[in-house]
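The chains referred to below are lettered A, B, ... by the order of the sequence lines, with proteins before strands, and numbering in each begins at 1.
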Protein chains: 2
Amino acid sequence: MSQVAQEAGVSLATASRAINGSANRTVRDDLRERVLAAAERLRYSPDANAQAMARGRTMSLGLIVHDIADPYFSSIAAGVSQAAARADLAMTLASTQHDATLEPRFVELLTRQRARAIVVAGGRLQDDEANERMRRALQDFRRSGGSVALVGQPLLDVDTVVIANASGSADLARALHGRGYRRFAVLAGPEVHLTARDRNAGFSEALAQLGSPVDPDLVIRSAFTRDGGYEAMSTLLAAGTDVECVFAVNDVMAVGAIAAARDAGVRVPDDVAVAGFDDIVTLRDITPALSTVRVPLVDVGVMATELALAPESVEPRLVHVDGSVVLRESTPGRT
Amino acid sequence: MSQVAQEAGVSLATASRAINGSANRTVRDDLRERVLAAAERLRYSPDANAQAMARGRTMSLGLIVHDIADPYFSSIAAGVSQAAARADLAMTLASTQHDATLEPRFVELLTRQRARAIVVAGGRLQDDEANERMRRALQDFRRSGGSVALVGQPLLDVDTVVIANASGSADLARALHGRGYRRFAVLAGPEVHLTARDRNAGFSEALAQLGSPVDPDLVIRSAFTRDGGYEAMSTLLAAGTDVECVFAVNDVMAVGAIAAARDAGVRVPDDVAVAGFDDIVTLRDITPALSTVRVPLVDVGVMATELALAPESVEPRLVHVDGSVVLRESTPGRT
DNA sequence: AGCGAGTTGGAATGCGCTTTCCAGCGTAGG
DNA sequence: CCTACGCTGGAAAGCGCATTCCAACTCGCT
């Protein structure tokens, strides 16, 4: 920049003010022109790190997800990316690949980077120790001047976008019950996965209230992934039950379940209906079209980002996002 | 850090050396211990921006994609993320949302951040002006000390991972021909999209060589997206042709095409076969299972990152990645 | 014409760290 | 016993910028 200043025949201070438009200071037009021309001529590019240091704050925002290749997270990431761009922030993405120990590590990384804010997507696990580590890491981050928003369960004492998992799946349960289904199974995901747990709980409780409780033996645990859904469905089918409808706690698992049914020669929905959760865009065209609970994931990303960027509040804020039931061919009405 | 040094009773220099392990200098063990303990006690977190400035290089890598919510790009991003983590680099992700003018802007952003390297994913367009702008932006980035790798067409004078689009779709064409198909249509994507163009060209040329050239009227242009595929397929079906097999230049379009067929009451594959390109993981369970060309996208991301991080070479390096044909139910053999 | 207020350019300081450079120490070799 | 060298700690310089403080200058008013 000193070269630019010299080239333009002004002082370093003036060059800085001309290029990055100082707050309560103006630069005469002709000088500004000269400086900008010189900068252009010299292909000058301001050093963001130096700016960050001088200004005491960066222009970047961190996003932590479990797996960026998972459409659930990539949708959220798209929203965060949008909102970050609008706020003129660069987005640093960290993907833990489902390794929970990496999460606080990434928070530390982003603390070192002095990111403006961190958005943590991906549900919490029931692991008090891990959550405590995460809480402390986030606290350190906030003590260093950053702000945080979470997508998931409001466990970490920070602003959180809470997806109405329980009530969404309860709505779904009632809708399916309304379509005539009575005997349900649940592909419930991992025991410790709180999102999975909430969805399962909401679903099961609603059914119990309707007088069609889910047989505990028909709540199958498996990974929260396509393969987990496949495996759980295979287990279920091998047991030879007479289930009418299978609820998988997310769409990806539901897809795995449908694949398992197909491979086992079981027709969906003729022999067994299947429903999921999330309404993943990429999966809207599968056959049969999947009944599910639509969650506006891109919006969730945007909201989380805006929450993180909003002026700090004393109390952790909660933003609730409802899902809406979408019934499709995978769960036709039973006549 | 000066506080840490004071707390540990050593100089700032020693604290720095103890914490970030200087190159050719050692610190006595007891002192190091003292410093680390003090750092822990004070919850000290080194400022990455200051380190970047002092060291003259950052620990971050940029990735530019068209749309992070697209599974094609999120797969590549997963690979880049992996490789970046291995190299101890933070990944800054920029998603252009298909706005080509944003691409060079993001390069400038990453230049200001002094990123170590940039990986640009997402095929080039046939737009000399845009490509020229991009080339210049990347050159400026490299002049400022960064390195670059591209995924796509080797147009920008930088290291590039080249996906064998033409030969992959030629292989697919031959395989489909081998299964007895003769009358083809191509959902060719946008005219200016070079990846789409290469795939279309490879496919059409291979068929021409086999003596079953594609009728130019049956090459439909549309967006490179699910909706583009849907629209193109609708157009095709409305025209009422007797096509046996439709090749969509990517899986997402193929899925749209299948949806369009279904909505039009046309059965896939009984009435018309459909094939795609990419073998997107999330789409492997659609019905009917899609014949396609598998591209190891995660590996592509890893390779591009490694290419970008490898010592500079004078000549732009090219790494070729082949796709492999995967025939599934969507294109059964014709008897 | 003279004075104060407002405006603008420039010198200097500091952001938090790494790294040279220098000095002090202990040790081995003569 | 003395010197030369290796090892280690500390002082200080500098990375590239924003910003404060000061000085100079302009304008409007009396």
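- Under a cut-off of 6.0 angstrom, the local environment of CZ in B:R105 is sparse, with at most 12 non-hydrogen atoms contributed by other residues, nucleotides or ligands.
- Distance A:M1 CE to D:dC15 P: 15 Å, rounded to the nearest Å.
- As judged by a 4.0 angstrom heavy-atom cut-off over every strand, B:T26 is placed among residues touching the sugar-phosphate backbone only.
- Put simply, A:S11 has no side-chain N or O that comes within less than 4.0 Å of OP1 or OP2 on C:dA11.
- A 6.0 Å sphere centred on CD of A:Q6 holds no more than 12 heavy atoms belonging to other residues, nucleotides or ligands.
- Comparing B:A50 and B:D30 along DNA chain D, the residue whose closest nucleotide (by nearest heavy atom) sits nearer the 5' end is B:D30.
- For B:Q3, the CD atom is loosely surrounded, since the number of other residues' heavy atoms within 6.0 Å does not exceed 12.
- In the set C:dC17, D:dG16, D:dG9, D:dG9 carries the atom at the smallest distance from any side-chain atom of B:V27.
- Note on B:L12: a base of the nucleic acid sits closer than 4.0 angstrom, heavy atoms only.
- Comparing B:P46 and B:R17 by the nucleotide of DNA chain C that holds the closest heavy atom to each, the one mapping nearer the 5' end is B:P46.
- Rounded to an integer number of Å, the gap from B:R57 CZ to D:dC15 C1' is 14 Å.
- Distances from the side chain of B:D47 to the nucleotides D:dG10, C:dG10, C:dG16 place C:dG16 closest.
- A salt bridge links A:R135 with A:D157; the closest basic N to acidic carboxylate O contact falls under 4.0 Å.
- The local environment of CZ in A:R136 is sparse, with at most 12 non-hydrogen atoms from other residues, nucleotides or ligands closer than 6.0 Å.
- Within the 4.0 Å cut-off from OP1 or OP2 of C:dT18, at least one side-chain nitrogen or oxygen of B:S16 is found.
- For C:dT18, one of the phosphate oxygens OP1 or OP2 lies less than 4.0 angstrom from a side-chain nitrogen or oxygen of B:Q51.
- In this structure, a donor-acceptor pair under 3.5 Å is present between the side chains of A:S45 and B:R114.
- Rounded to an integer number of Å, the gap from A:Q6 CD to C:dG10 C1' is 15 Å.
- Atom CD in B:Q3 sits roughly 12 Å away from atom P in C:dC15 (whole-Å rounding).
- Distance CZ (B:R32) to C1' (D:dC7): 14 Å, rounded to an integer number of Å.
- Between the side chain of B:R114 and the base of D:dG16 there is no donor-acceptor pair of N/O atoms closer than 3.5 Å.
- Among D:dG14, D:dC17, D:dT20, the nucleotide with an atom closest to any side-chain atom of A:Y44 is D:dC17.
- The phosphate of C:dG9 has OP1 or OP2 within less than 4.0 Å of a side-chain N or O from A:R28.
- Look at B:R55 and you won't find any side-chain N or O under 4.0 angstrom from OP1 or OP2 of C:dC17.
- Remark: P of C:dT18 and CG of A:N49 are 13 Å apart, rounded to the nearest angstrom.
- Residue B:I19 contributes atom CD1, which lies 8 Å from atom P of C:dT18 at whole-angstrom precision.
- Rounded to whole Å, the distance from CE on A:M53 to C1' on D:dC15 is 7 Å.
- For the pair B:N20 and C:dT18, the criterion of a side-chain N or O lying under 4.0 Å from OP1 or OP2 is met.
- Distances from the side chain of A:A13 to the nucleotides D:dT19, C:dG16, D:dG9 place D:dT19 closest.
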